[in-house]
Structure formats: C-alpha cells, structure tokens
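One structure below.
Position 1 is the first residue of the sequence; numbering continues from there. Indexing begins at 1, ligand by ligand and atom by atom, following the structure's order.
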Amino acid sequence: MNNIVKCLVLFSVFTQNVLGLKILVLFPLPARSHYNLGVQLAKGLTQFGHEVTIVAAFSEPKPPKGFKEIYLPELVEMRENSDNEMGKVNMFEMENINPIFQVLFLNHAGALWTDLVFNHTKVQALLKSNEHFDVVILEQFLNDAHKYFAYHFNAPLVLFSTVGANAWVNNFVGNPEPASYIPNVFLSYYQEMTFLERMWNFIFGIIFELNSQLYFYPKQNEILHKYIPDAPHINELNYNISLLLLNSHESINQAVPNVPNMVNIGGYHVDPPKELPRDLKEFMDNAKDGVIYFSMGSNLVPSMMPKDKKEAIMKVLGSRKEKVLWKWDDKNLKVPSNFFVSNWFPQQAILSHPNCKLFITHGGLLSTTETVYLGVPVLAFPIFGDQKLNAARASSLGFGKSLPFSTINEHNLAGTLNELLENPKYHQNAKIRSQLLHDRPVKPIDLANYWIEYVVRYKGANHLRVAAVNLPFYKYHMLDVIGAVLGGLVLIAYLLSKLCCRRKASAKSQSKEKGE
Ligand SMILES: *[C@@H]1O[C@H](CO)[C@@H](O)[C@H](O)[C@H]1NC(C)=O
C-alpha cells in the first residue's frame, strides 16, 4: 500500500504531470462569434481531464463532462439596449467610416461591457467565492480590466487574441510590430505597402497607441477601481501575461514575429458536424452545379442591408446556375427559385460539403478561418474592423476576391462571380491554404493544452517573457540613446563650427594685419 502511494508520488514528481487543472475561461463579450471561439476552447480543454468554468453571455446546450458555466444572458440584452441608446448602429453604414472613428466607437463599447461584466451579480458572487483556479484564460477584447481575475485568483494569466497578433496585445508581451510591413488591424493593407500606406500605417499606429495609453487604459483602470478599490493599477496587470494564445496561423494571416510566449492555435475551433439537417443535405446533394453560400456573419443584421445592394446581389445570384444558401432574418423575403433561405445555417458543415463552391462573406476572421480550413474560396464584402484586412489577404493569397460593399452593382458582381467560379485557380489556392493550415506537428487544441499546462507547471513561466515588457517606452525605442547620440553630434558640430569660425576669424585678422 505504502509503496503504491510512493510510486504515485514519484510518478507525479517525475512526469511533472498536471492532473486535471481548474481553469477559468472568460469570454464575456456578448457577441456570438466570440463566444464560439471561447466555448470551443473550453470544451476542447475538458478533453484533457480539466475542469473548465466559462464565464459567457451564451449557454452551451450539450456541455461535456468537466464543463461548467457562469451564464450571463443579461449581457446580450443590455448590449442591445445600449445600442438603442446609441441610435441603433447599422453596421452596414460603418464601411466607409474613418478608422479613427471606429477606434472611438470601440472605446465606448469596450468601457460599457467591461463595466457590465463586473457589475453582474454572478460575477460579483464569483469574486466573493472561495473558488480556486490554477489558471485564468481571458479573451482580450477591449476589456483589459478583466485581467484582474487572474490576480484575484493568484493564477497565471493566459490571454486569448481573437484577431491574432496586433496592436491590442503585442505591447503586453513585448512583441515587435514594425509599421513598415505589418498593417494595423483597422487598415485594409497587405504586407507590401506603398509609401503613403506606410506613412498612414505609421501615423495611425501612433494615434492608436496614444488613444490606448491616454484614454482607454486609464478608463479601464477607473472601471476596475470602481468595483475593486484595492486592485493593482491596470499597467501592472497589462504586462503580467504568461501566455498569449493567438487565433491565427501563417496559412491565413501574414507571417509575423512571435515572442516565445505567443502560440498560434488558429483553426482549433473548426469541428464540422458529420451530418447536415435533412432538408439542407438534400438541397446540397442535388445541386449539380454547386452551391454558393451567402452569410454576412452573426453581427450584421441582414435585413438592414441597403435595398439597392440587396436587390443587385439577389438578381445576380438568382440568374446563376448554382444554387444559393441565403442567410437572412426575414423568412417572408421573396427570393429567386434557386435560393434556400434560413436565418441560421450550420456553416462548417456547409463549407465541408463537396458541392460548396463559394462562400460570400463579410470576411470576419472566424469565417475566414473556417473557409480556409475547409478549402472553399471566398468573395468578401468587408465592412468593419479586421474584415478589410482579412479580405485583402484573401485576395493577395489568391483564394478569394474582395468587393467593397458600397461599390457593389450588378455589373461588377456578375463579373467577379464569373471569375471566381470559372477560373480554377481560386479553388486550387483555397486547397493549398487548407493544406498549410492542417500541416503542423500537433493539433492546435493539443498545442493550446500543452502550453496552458506548461505555464501552470512553471508558475507563470516567467522565463518565456522578453525583457521588453519591463522597459518604459523611451527605453524600448532607445529614445534616450538616440537623444544622447544626436545631442553628441550636435555638440561636436557646434564645437567644430566654433573652431572653424575662430580659425577663419583669426585668419581674417591676420590677412587684415598683412594688408595694412
Ligand atoms: C503576476 O502574475 C503572477 C502569476 O503568474 C501572479 O502571482 C502575480 O500576482 C501577478 N501580479 C499582478 C500584479 O498581476
């Protein structure tokens, strides 16, 4: 008996095995697409024997073993109410909004839901409870104050970035983001930029950073201290990151530097169901000329689409030989005979059907990841946030085309569809991208689990952090050294000029003397 216990102790010491962690996953953003990422991660982690508690605004109908919820449905309602206050933003109208206004809009939205989450009674109860967690995973999305949860539970903080490596997270782990070849997440550039694009990327990056440092983080700090007066300052929490999980991969996103505690797990959330619902399956099986799948994601309300655009798109799609899956929130909409309308589609199952020929999308990163994973070309109508960037990448990488929403008309849409559906190169490129996304040493969810256990095993894994996180801005950018060098040069120039002048002056006075 004693020996068995000894053996077990030795076993766990030698393998440093983490047997069943208690993990807190915070994905409180009241947006379905973000939740999908959170719940797939949480469910994925339960497979490894961990007990995972997810804080979210949605609920999982089929929770696996070890999956717990702190379900905050009120957040969705509150968000809708506050949208009303803001005059019900029609996202379709945000397309040509200057990125600076997008940043200002998100300032407001971020502060709002950060506050709503802290204010929720179930969250208050969690903070007052005696719960223990080994690690906290937080979706970083304009909610920096929520990093406090890791501090509260005295657990390493794992950040999750929905939109890959970008200006929202790079600073926190000291990851470089040169404006010369990495476009800001709000701009629609690809890695090769013209002089003017680089200039705007550079200036916009500075504006973005100033907004973060002078407005956004102080505001987050204020919200945090409103609820937890003795919490550390937001800057202490922001730069104390053990691991940064990125919902991205080089097959979809451009290749960028990653410091050692950044791990790409893009694609982990794709898990298509085996079967389509019967009516959909029949529709797709019988589509001899293929199926075009049209969906503008979960945040855009389809019926708010401007009428002329809707009519143009329906007319062009209605005249094609392919069948069309049309995601729309109004069932009474009159549609052409080759359409199948629904307000919800099992997107991954549709994209994995062999007859799916094209995905018409807003270009959100989830949709883009799923389409790349399943090897279907895209036509993107990008509107907001990172959609333009993703669409620009799809065009540059040759697995799709991008048509700015406001420019759509029957003529250019028909032409673009012809090109995408008749020229086999888009399909081939989509397949190559898919292959690249699959060709990796371990499955992305295994990778995520490995690194999460790793940072628990090594108590936050401080050794993975680059020293940049401890440097103030001026030191990181060597402003003091540049200043000193420039100052030195100016001083030398000054001394030289003095010397010259004195020589000249003395030469002059000598020549004067001679002349006289
Ligand atoms: C920083 O993280 C470590 C664990 O990784 C934790 O013990 C510490 O309390 C954290 N400090 C702050 C200020 O968040």
For this session: Pick one of side chain, backbone, both or neither for how Asn154 approaches ligand 1, counting any non-hydrogen atom pair under 4.0 Å.
Result: side chain
Exercise. Mind checking whether Phe153 and Phe133 have parallel, tilted or perpendicular rings, split at 30° and 60°?
Worked result: perpendicular
Seminar exercise, completed: If you scan protein heavy atoms around atom 9 (O) of ligand 1, the nearest is Tyr151 CD1, 3.8 Å
Exercise. Taking only heavy atoms of Leu237, which atoms of ligand 1 are found under 4.0 Å from at least one of them?
Worked result: 14 (O)
Exercise. Are any of the side-chain nitrogens in Asp115 or Lys226 under 4.0 Å away from the carboxylate oxygens of its partner?
Worked result: yes
Problem set entry | Test of proximity, Asn240 against ligand 1: N or O pairs below 3.5 Å | yes
Exercise. Against heavy atoms of Gly460, which atoms of ligand 1 measure under 4.0 Å?
Worked result: 5 (O)
For this session: Give a yes or no on whether the backbone of Val259 and the side-chain of Asn175 come within a donor-acceptor separation of less than 3.5 Å.
Result: yes
Exercise. What is the ring orientation for Phe141 with Trp113, classed by angle as parallel under 30°, tilted 30 to 60°, or perpendicular over 60°?
Worked result: parallel
For this session: Mind running side chain to side chain contact (heavy atoms under 4.5 Å, CB included) on Ile252 and Arg433 for me, showing each step along the way?
Result: CA-CA 7 Å; Ile252 308 164; Arg433 287 284 136 193; over 6 Å; no
Exercise. What residue and atom, counting heavy atoms only, is the protein's closest point to atom 4 (C) of ligand 1, and at what distance?
Worked result: Pro156 CA, 4.1 Å
